[in-house]
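Remember, it's 1-based here, ligands and their atoms both numbered in the order they're listed.
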Amino acid sequence: MNDSGGTSLLLGSAEVPPVHEQNAAGRSPFLLTCDHYGRLIPRVLGDLGLPESELTRHIAWDIGIAGVTETLAKHLDAHLVAQRYSRLVIDCNRPPAGASSIPIISEATTVPGNEGLARETAEARRRQIFDPYHQRIDEVIDQRSREGRPTILVSLHSFTPVYAGIARPWHIGTLYHRDTRLPPLLLKQLRAEADLVVGDNEPYAVSDETDYTIPVHGEARGLMNSGIEIRQDLIGDPSGQQQWADRLARVLGAIEVTLRADVMI
Ligand SMILES: [Zn+2]
């Protein structure tokens with residue numbers, strides 16, 4: 001069978017499910033999400049017409065962030081919900097109706113396997129990869145709310161040190177839009193770390209057009225929320241991932257203390 005998605009099954013029964021979870025019973029108020037955690041491609045889609053060198057670089061996933069989020073979830077005793085499939089199959093942080101949801105071009109790379117897709121093919125990707133991930137995040141927030149537990153949504157990403165030929169100076173950035181509670185605390189704590197260049201809505205800002213997780217799960221539900229972006233060259237190996245997880249655990253731990261003292265959670 002070489003049905004490239006069509007109306008039939010995109011993910012075979014032997015394939016890895018899209019949602020990865022860790023520490024589901026974690027007691028932390030922080031709920032960690034990772035939209036670009038993995039770079040799997042459903043078998044039926046082959047290599048999307050790309051060489052291996054493209055499928056391992058930042059256009060396919062957020063390099064290094066998986067190791068950071070897993071260690072951070074352990075340190076904080078926080079629940080992590082992550083997407084295992086590549087953003088090149090369907091980007092879980094883009095509104096599915098938008099052109100960048102299933103990118104035909106990513107940075108300067110054309111993705112042959114995404115050209116001229118039938119509507120049903122795009123819908124199969126949404127139904128089998130995008131929807132289960134976001135439904136799970138929804139369920140988790142619902143359940144925490146029913147149990148009377150606070151949820152502070154932190155969506156973790158990593159960014160390429162050079163984009164379209166321009167070097168980026170920040171080590172880490174906060175990304176936010178409507179929440180006025182968590183982002184200032186996060187910026188303050190990160191800026192207290194003397195060795196860091198911290199981006200305030202850099203290298204990206206959140207918007208309804210270019211994002212999904214924060215607007216839909218954080219803002220629309222009234223949760224405190226922020227995105228965090230870490231530069232990929234800092235977390236390219238396990239030791240860097242460990243150091244950044246340690247640092248973020250310290251920063252978020254201090255924020256939790258402040259929020260509890262101010263009775264905000
Ligand atoms: Zn990302």
Can you tell me which N/O/S atom of [X] has the shortest distance to the Zn ion (ligand 1)?
{"X": "H157", "result": "ND1"}
{"X": "H36", "result": "ND1"}
{"X": "D62", "result": "OD2"}

Check your understanding: Can a salt bridge be assigned to the pair E147 and R144 using a cut-off of 4.0 Å between side-chain N and carboxylate O?
Key ->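 No, no charged N to carboxylate O under 4.0 Å.
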
Review point. Do D35 and T213 have side-chain atoms, one donor and one acceptor, less than 3.5 Å apart?
Key: yes

Check your understanding: Do the rings of H217 and H134 sit parallel, tilted or perpendicular, given the 30° and 60° boundaries?
Key ->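 Parallel: the ring planes of H217 and H134 meet at under 30°.
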
Exercise for review: Specify whether W170 and F159 have parallel, tilted or perpendicular ring planes, treating 30° as the upper limit for parallel and 60° as the lower limit for perpendicular.
Suggested key: perpendicular

